Structure formats: C-alpha cells, structure tokens
Amino acid sequence: MTTAAELLAGIPELAGAEPVTRVTIPARLEYTHTPGSAQTRFLTALPDKRLLAERCPQCTRVYVPPRGACPTCGVATTEQLELPHTGTVTTFCIVNIAAKGLNIEVPYCYAYVLLDGAHVGLHARVGDVPYADVRIGQRVEAVWNEERLGPSLASISHFRPTGEPDADPESYRRWM
Amino acid sequence: MSKQPVAVVGVGQTKHVAARQDVSIAGLVREAAVRALADAELTWADIDAVVIGKAPDFFEGVMMPELYLAEALGAVGKPMLRVHTAGSVGGSTALVAANLVAAGVHGTVLTVAFEKQSESNAMWGLSLPVPFQQPLTAGAGGFFAPHVRAYMRRTGAPDTVGSLVAFKDRRNALKNPYAHLHEHDLTLEQVQTSPMLWDPIRYSETCPSSDGACALVLTGDSGAARAPRPPAWVHGGAMRSEPTIFAGKDYVSPQAGRDCAADVYRQAGVTDPRRQIDLAEIYVPFSWYEPMWLENLGFADQGEGWKLVEAGVTEMDGDLPVNPSGGVLSSNPIGASGMIRFAEAALQVRGLAGEHQIDGARRALGHAYGGGAQFFSMWLVGSERPDH
Amino acid sequence: MSPAARSVDRHGRGRDVAVVAFAQSNHTRRTDQLSEVELVMPVLHDVLKQTGLTANRIGFTCSGSSDYLAGRAFSFTMALDGVGAWPPISESHVEMDGAWALYEAWVKLRTGEADTALVYSYGKSSPGSVRDVLTRQLDPYTLAPLWPDSIALAALQAQALIDAGLTDEPRLAETAVRSRRAATGNPHAQLRGSADPAELLQRPYEVEPLRRHDCPPISDGAAAVILAAGDTARALHANPAWIRGIDHRIEAHQPGVRDLTESPSTRLAAAAAGAFDAPLDAAELHAPFTAQEVVLRRALYLSDDVPVNPSGGPLAANPVMAAGLIRIGEAAALIHRGEAHRVLAHATSGPCLQQNLVAVLEGTNGNRNGNSPRSTDGTRGGAR
Amino acid sequence: MPPEVLSAPLIVEFPFTRSTGPVLGAFLTGLRERVVLGARGSDGRVLCPPAEYDPVTAEELTELVPLGRLGTVTTWAWNERPRPYQPLDTPFAWVLVRLDGADTALLHALDAPRHAVHTGLRVAIRWAEERSGAITDIACFEPAPDTAEGPAV
C-alpha cells in the first residue's frame, strides 16, 4: 500500500517533508438533557428518600426506576407507588478495574437489587460487607448519601446487608 | 411469494489490530470491500447497492459516517443503507443486504461493517455522562459480569469453564491470519491466573478492542453461477429483539435469542442443531458466553452448555467446533464483529477458511447479539443451494 | 452509473405493499417533559389503533433515529420500550431518517417473510444545537473541523441557484409563505401561517442569502407508519396507498465536487421508482430549505401545477430523522383521504441533498376525479 | 403531572485522533508546508480537497498534484454571526473555492467585507501562523490582490 511519504516523494516542493499520519481533532457538543416525565417523578422523590416506582396498568409489573413505558406492554406506567428501602441481591459482580470518569474506588460490588415489591432489579452498589460475603439472595437495605441528596440516583450511596436470613430463591427467581 | 435464494460469493476482512494508524476510516472499510470484491472477482460496477453497519457513531465521532464513505464504497449513484442495531449490527447488516437479494430488489449487493475504535475510545463512547444517572460500570464487561455469575449459580458450572473457552479461542486465533490477538505463548494457567477484572470475569476472558472491517458480496442464482469459487448459500436468517430491561427478563438465556435461533432452524429445516450443524461462529465477547449461548441456541440442554465445553466438544477437533476463527475473544471491531461471525461461517462452508478450516463443514451458524443481550441476528449458511 | 438497469424492476413485479396507517406527533420546538419513548409511544398507539393491530401481530418493526441528535449512544434501545417488544419481535434499526427504515421494511415485506410492518422514527432536536450537531456528519478530515453548520451549507447551495438564475430571494420567500400557509390545515405542523413575502424579505439574513423563513423550524417530533402487503393491506384499509415504486441513491459527499443546482440522485431514484411513468397529483418533498425545493422540482420535472407539500412540508415542521418518513406518511394520507390518486414522496439525508429517496404511492380506485390536495392559493392541483 | 422539568447539561467532548491514510496525510502535510495538493481523478479532473477514491469510478487515487495558491469563488454565503469553532470569529463568507489547477471546489471561510464578496471573486489563501497538518492550517481565504491573474470564471 502506498504511504503518504511515497506520495510526497513525487512532489518536489514536499519531497522529504515529515508526513502527517495522524491528526487530533477535538469536538465538543453541548446538550441539555431532560429525563422525561416518568424519570422526573422518580428522581424528584429521591431527595426525600422516597423510592417511587410505577406499575403497568396491563401486566401490573412494578418498575423502578420507571422509564415512561412498560417495555413489554408498550403502554405508559402512570400509577405510582412507593417502595420500601429493602430488597434482595439477585446477582452481582466485583469490579476490580477503575473506569475513567466513574470516580468509584475499586474494588466495589455492583449488584442488581430487587426492591421489595418491584419486578426489576435496581442497579446499585453493595457495601459495608466483605465482598467475599456478598451472596445472591442476600437481603439488603438502602444507605442514603446524606450529603448528596438530590434528584439523582447518587442519592443512594449503596445498599448494605440487613442481617436477615437470605430470601427464598423462589421470591426473586423470575425477577433478576 | 417465495424468496430468491441468496449466496455469499465474496468475503473480505482486514487484519484486526488495536489501531490501524496507516489508514483513514475510508481506507479501512475500503480494504475489506476490495478483498470481498476480489474474492468474488467482481468490480465496483457489478454492485447494485451497498448496506453498511457499525455500532454507535460516537465510537469514531462521525455522525452517519456512511455519507462520507459513499465514494470509498463505490456507492455514488447507488442505494446505500446504514444499519445500527448495537452489537448485533454486523449480523443485522448482512441480513438486510441478504433481504435485498431475497426480495428480488437487487441482483448483487455489497455489505460492509466496521469499527475504528482507535479514533476515540469505546469506554468513552459507551459511558457518556448522562445526567441524573449514577453509572456503576463502564463498558460491557461490568454490565455482563452479573449475568455470568447468574449463569454459574443457575447451572453449578465450575469456575474454570470460562478459562477453557478463552484458551481455546486464543489458540484458534493463531490459525487465523486476520485475528487481532496472536498470543503464541499463552498457557491455560496464564488465563486462569490473569487478573480478575469484573469478578467472575478475568482479563484473559475478555475481548480486545480492535480496528477492523468486514465485507461480503451477496448475490442470487445467476450471480452464484458465475462465481469463481464455491458460494455459501443462506439457508435461514433472522433477527429478534426484546426490551433492554423488563420484568422477567432472562439475562442468562434471553427469549429473543431462543426465538431467533428457532426461526433460523425452521427456515433451514434444522430439527437437531447439535447434529445437523457442523460448526458455529458465536458472538462470545466474554468467554462464559460460549456455554450460555450453546444453551440459548439449542446446542445443549438448559444448564448443560458448560459440559460441552469441558468435554472439548467445541474445540477445533470436537464435534461442534465453536469459533474456529478465534471469535470475538480474539478480534473485536465492535460494529464488524457480528459480520465477521457471519463471514467466517460462510468461509467454512465454502471450504475457504484456510488453516482454521473445519474439514467437511457443510452447514454453519453465524450469530451476533447486542444491546443489553436483547438484539439477536443469526444466519445459517450451507454449501448446498437450499431446495425450497 | 446505472445499476437500476441491472436491478429487478421495482414497480412491475413482486409483492404489492401499501401504507395503511400514518400518525405523527404535534411537532414543537421543545418537548422537555418527554423522554424519547414518551414522545414516540402515543404515535405508535395511534397507528396501531387505526389498523386494529397489536404490536405482537406486526410481522416486522423498523425504526430510524440518531444517537448524535440525542447525545447518547444506543439511544434507540430505550425507545423500543414504547413498542412493547414482548414476546420478542423481528426488529431492525437504521441510523437514518425513518424513510429508510420504511425502505428496509418494504424490502422485508417483499421477501414474503412478513405481511405487516411497523415503521417509526423520532427526533428530538431540542437537547442540542441541531445546526452544530449536523456538522459532525461531514468529512471528518476536511469539513467537520471547520464546523460549517447546516444553514451555511444550504446557503451555499441557495447562492449557487441564484447565480445560475434558477431562483431569487423573492421567489424563495414565496415558497416559504406557500408552505406555511398550507400548514394552516395541518394540526401537527409547528409553523402555521406566514406573513407576506414582502414583509419576510425585510427581515435579517441567517446566513445570506437565506433568511429565517428559508430555514426549517427546529422541531421535536415522531412519526409512525404501518405497511401491509397484498390482501392484508386491503383488509386493513379501504383505500391503501400502494407503494408503486421506491428507490434511493447517494451522491459524492463533498459539496465542492457536486453541481449544487442539480440532484442526480433524486432523478435516478425517481426514475427507478417509476415517478416519470404517469402524471402526479401532488408531491411531498423533504426540502428543509426553500432553495432545495427548487433543486428537487428540477430533478423531478415537477411542473408548477403539481401541488408541493400540501402538508406544509419540512418548512412547517422538521423533526430531524422523522421528517422524511412524514413525507411518505403525508403522501399516503392524501390517498387515504381520497384527495389524490398518485403522489410522490421524497426524503433526503446528508449535506446539500447528498442522499435522496423517492417513493411513488397510488390509490387503488383511481379517484382521479376526487378532490385535489388542499393548496393555499385555492387552485386545484393534479392538472393533467 | 411532573412536578418540575429536570434538566442538566450533557457535554459530549473528545479529542478524536484520526489516522489519515496516504492521500489525506499527504494533503495535510502539504498544508503544513503551505502547498495545496489535489488528486487527479480517473477522468483527468483534479479534485481538491483530494479524494481518496474517485467519486465516479470508485478507483483509488494516488496521483497528487500541487495547486495554485489562488482560486476562484464558485459560490458563497455570508455569515454575519459566526458560531463557535468556525474559522473566524468576525463576520465572514463561507465559500467554495476552486483553486487554480483544480476542477472541484474546497469549502472554507473568506475574510472580506460583505460588499466585496461575489461568485467569481479571485481569492488567495491566508495561511495560519502555526500549522500542524490540518485543514485549519488554511486560516481562511482573502481577496486576491488586483494584479492576481487567473483563469476566467
């Protein structure tokens, strides 16, 4: 394959010039993000430490956070209900690799927490427990980030074990 | 209304590497396309339409890059379509192209998929700082690791299975000149002791980040008759999607994957995939997905996929070789990875896979998935023209 | 340059496919209160209701949208929630205007693998500056680093037309006025009605020679169409809008390589779609800028008596990524309402009309003596 | 129903690193050295900016030719209010310029008073003081001196 240097060699004015092979082209676009009605309802309840879920009028499944539609029925979820701050770990991993921009100290436990009464797992950290002791089925409760309560999921610092016995696998088997 | 038969008569791909610093984006896709045309012994003038696919535009920082790629792909004056179905896009793109031939809309179609991840950073592209969220993972590894754990818990698979897959695919890659990773001295022990990134996924059990492109030339009966080398015939192809997150989603074995495979098998007249399919190129970006997809695709009973791995069934000399090319674990230009699976399946049934050829391969499955394990695309190709 | 010659005839043979339902949102400058799925879902419900179909009876679903518009990778995956993709559906997505999603769906129906298809697209331009976002679709080495915005590129094209004597600023203003006054009859349009041309021409330039009235509004919006094949179409609609031909072509990318006063890709696509085989009753053209209508009219050999954009067109509402699909929907709606028999729809993509799609839609029953499409000046279209 | 509309800025920013390949690499090298290169197409036309692949035949193009530093405006658009990152922050004209020796036109900015801008105007390259091998090494165009000779439009 031809190179830039070979092409330049044929042009007297440029013969021998150090060829450009790469160029850095920064780009910046500014957006204003709005999360929509359903997520706004959920987010604005977080500063009050309220976990606002929404129920599908057709299949009655409970979504938290709600995203505006029941994804299996394709209809708006408009009935709100408040969920307790407790739930069950349905699966998890231990993250040992720091990701640029995430600003979370590694290692940490990233888990799906099925809040009591919900039918989808909330993605959250599990802490205040040695990672070797985190289990599928473990009962956990929300720890709020008192300094950073606001309309963001960052209001929940993490979940920690409640010390209750593990949940019956049948209670969460379908709702990982 | 019967579909026209579709044949793959040209396959081309680039040598996949971390950074193709010698070519522009156009130069990269062009290289794969030229090789596919050369394989088919066709020229740009023989192509009626171009279908191109890639994953998110943020990966290269070019919005709808197909607009700028029209000249490089000889598409000026022709129809050009751009597909984007997340990680499954390489497969979906090939299927959209195949449908153009099957529907009788075009005679010969060039389809291309690519990713030039070195222009930016996939981690960045996947983790744009969307407000109000609290991102807990960056990239795909953390996202899929909990699903792997759920699989291990559900099936009781020993935690060594993932390393067996990784070791197999990396050794297979040594026979594939286009594969990104050529780790000649890798040992199983090294895989098993490599750092745990997202427990239970180890470093050596994850795919690399690659620059690369893949291209196929698809045609019908008359095109296949003129082809200089044996064609691969499409016996079945399907896409299925389910929502990203929903109550009752089975992350370990998504229904969309099962339904997609069932549709392909129905079209191809396959009733016993384990026996009737000679090999599979399966989209396995993290090694544990091999046993998971073996079950999802009906090659193993539920909970039994890992046993096939342990028994060596999926090795190059096993009775269902999986990813003789080295798979996504050895090369991952994201947008192209699905099409590479489809292409490798075609090469096998054409008998043109070179050193990683499986002897006597007559029917092969190409598989891709994407999004939150929600988008699936598959095709089954064979050496014989389908008789429907 | 003429692959059409080798392609299978698009409008003589194969399976007949028709538009049997069309719905769109009320397009607005902002929809801050709505996520993409909240924007698109009511439109999906609307088309399904029109046909009595449910999502799980649809054979194929295809959508069009852009991550760059949303500012997020994989933005389309969440919009899928509005479809209710369960049990899993046969589905695809193009990173293009929804008109190309419709094309992919049309192909799928032609294979016989599906009898019905749901096509949707959406665009929320409000989160970013669409004028600047679109600079990112230019050649990343020689064009994008200069940030030539979409109005600037359209203005270069407009000036080329003026230099060639093909239009002038007063005539462009008349196009804007005609479009926006036509939109008074379209409840979904964003801009309805217009000041007189003389007044518009007093206003400042955006990028000379284009003034604000020459440019499309910035819109958030969504649209959906249901396609059906053969007897299924006849069962779902009393007067299906049959797609007699559909084709799309792309040109070279660099504006400086092309003659900006011409659109050879539009003409090729139109010829392949059969647009020149019989007279047209109306045309819905995806010309977001007034001057682009001049280019398209020439490429399509449209005479002045063919009503263009009776809906108001993209000058009245321009939800990027949906505006092309809306042209096909509006063309079909004219047929559904019995206001036209044979209508051309056009969609475009890329800088200065780089890529163009043309579809020709026809009613079943002739209806050639029916009412003509509404037009602002009270004259009847469809003279033949 | 929503108590308020939440909104927050979302900044999408990245320093994309682009490898250029031979043709664009040579073109950008030329800009750095104040030489503009065009590519000779299959039909003999000279394309500038140089195309890697011929727009008509799709053939790979590898013959590069140096072009003049003067050119002719083939169309223009007056930009009274420049936007962020555009080549100039004072009012300017967007122009397509056919450089002497080329058959196609290059997009760039023209720094000239509004009344001076017209199709057919002869223009000259104003080079950026610091050049790194990028299209922005051309700072902009400016009207050519009256004595500048060139092909008729």
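From a predicted model like this one, the values you see are computed outputs, not experimental measurements. Note on naming: letters A, B, ... go to the chains in the order of the sequence lines (proteins, then strands), and numbering restarts at 1 for each one.
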Using the side chain to side chain contact (heavy atoms under 4.5 Å, CB included) definition, which of the options A:H85, A:Q80, A:E82 pairs with A:R50? A:E82

What residues of residues 19-28 of chain A make heavy-atom contacts with chain D at a cutoff under 4.5 angstrom? A:P19, A:V20, A:T21, A:R22, A:V23, A:T24, A:I25, A:P26, A:A27, A:R28

Quick check on D:R18 against chain A: is it the side chain, the backbone, both or neither that has a heavy atom closer than 4.5 Å? both

Taking A:G36's backbone N and O only, do any of them form a donor-acceptor pair with A:Q39's side chain (distance below 3.5 Å, no angle check)? no

Determine whether a donor-acceptor pair (N or O, by modelled atom type, separation under 3.5 Å) exists between the side chain of A:D168 and the backbone of A:E170. yes

Can you find a heavy atom in the side chain of A:P151 that is under 4.5 Å from one in the side chain of A:L46? no

Between D:S19, D:A8, D:G25, who has the most heavy-atom pairs with chain A when the cutoff is under 4.5 Å? D:A8

Ignoring hydrogens and geometry, is there a side-chain-to-backbone donor-acceptor pair from A:R135 to A:D133 under 3.5 Å? yes

Please look at D:S132 and chain A and tell me whether the side chain, the backbone, both or neither of the residue comes under 4.5 angstrom of a heavy atom of that chain. backbone

Under the 3.5 angstrom rule, does the side chain of A:S155 hit a backbone N or O of A:G150 as a donor-acceptor pair? yes

Pick one of side chain, backbone, both or neither for A:L29, based on which atoms fall under 4.5 Å of a heavy atom in chain D. both

Is any side-chain heavy atom of A:R55 less than 4.5 Å from a side-chain heavy atom of A:R61? no

Using a 4.5 Å cut-off on heavy atoms from C-beta on, say whether the side chain of D:V73 contacts that of D:V117. no

Heavy-atom distance under 4.5 Å to chain D: side chain of A:E13, backbone, both or neither? side chain

Side chain, backbone, both or neither: which part of A:T3 has a heavy atom under 4.5 Å from chain D? backbone

Taking every heavy-atom pair that is under 4.5 Å apart, which of D:E33, D:E60, D:R32 has the most such pairs with chain A? D:R32

Does D:E130 CD have over 12 foreign heavy atoms under 6.0 Å away? no

Side chain, backbone, both or neither: which part of D:F27 has a heavy atom under 4.5 Å from chain A? neither

Against chain D, label A:E18 side chain, backbone, both or neither, depending on which of its atoms sit under 4.5 Å from a heavy atom there. both

D:P9 versus chain A, heavy atoms under 4.5 Å apart: side chain, backbone, both or neither? both

Evaluation steps, ring-ring contact (aromatic ring centres under 6.0 Å, His included), between A:Y112 and A:H123: CA-CA 5 Å; A:Y112 291 13; A:H123 296 201; 4.2 Å; yes

Counting only heavy atoms closer than 4.5 Å, note whether D:L24 contacts chain A via side chain, backbone, both or neither. neither

CZ (D:R114) with more than 12 external heavy atoms under 6.0 Å: yes

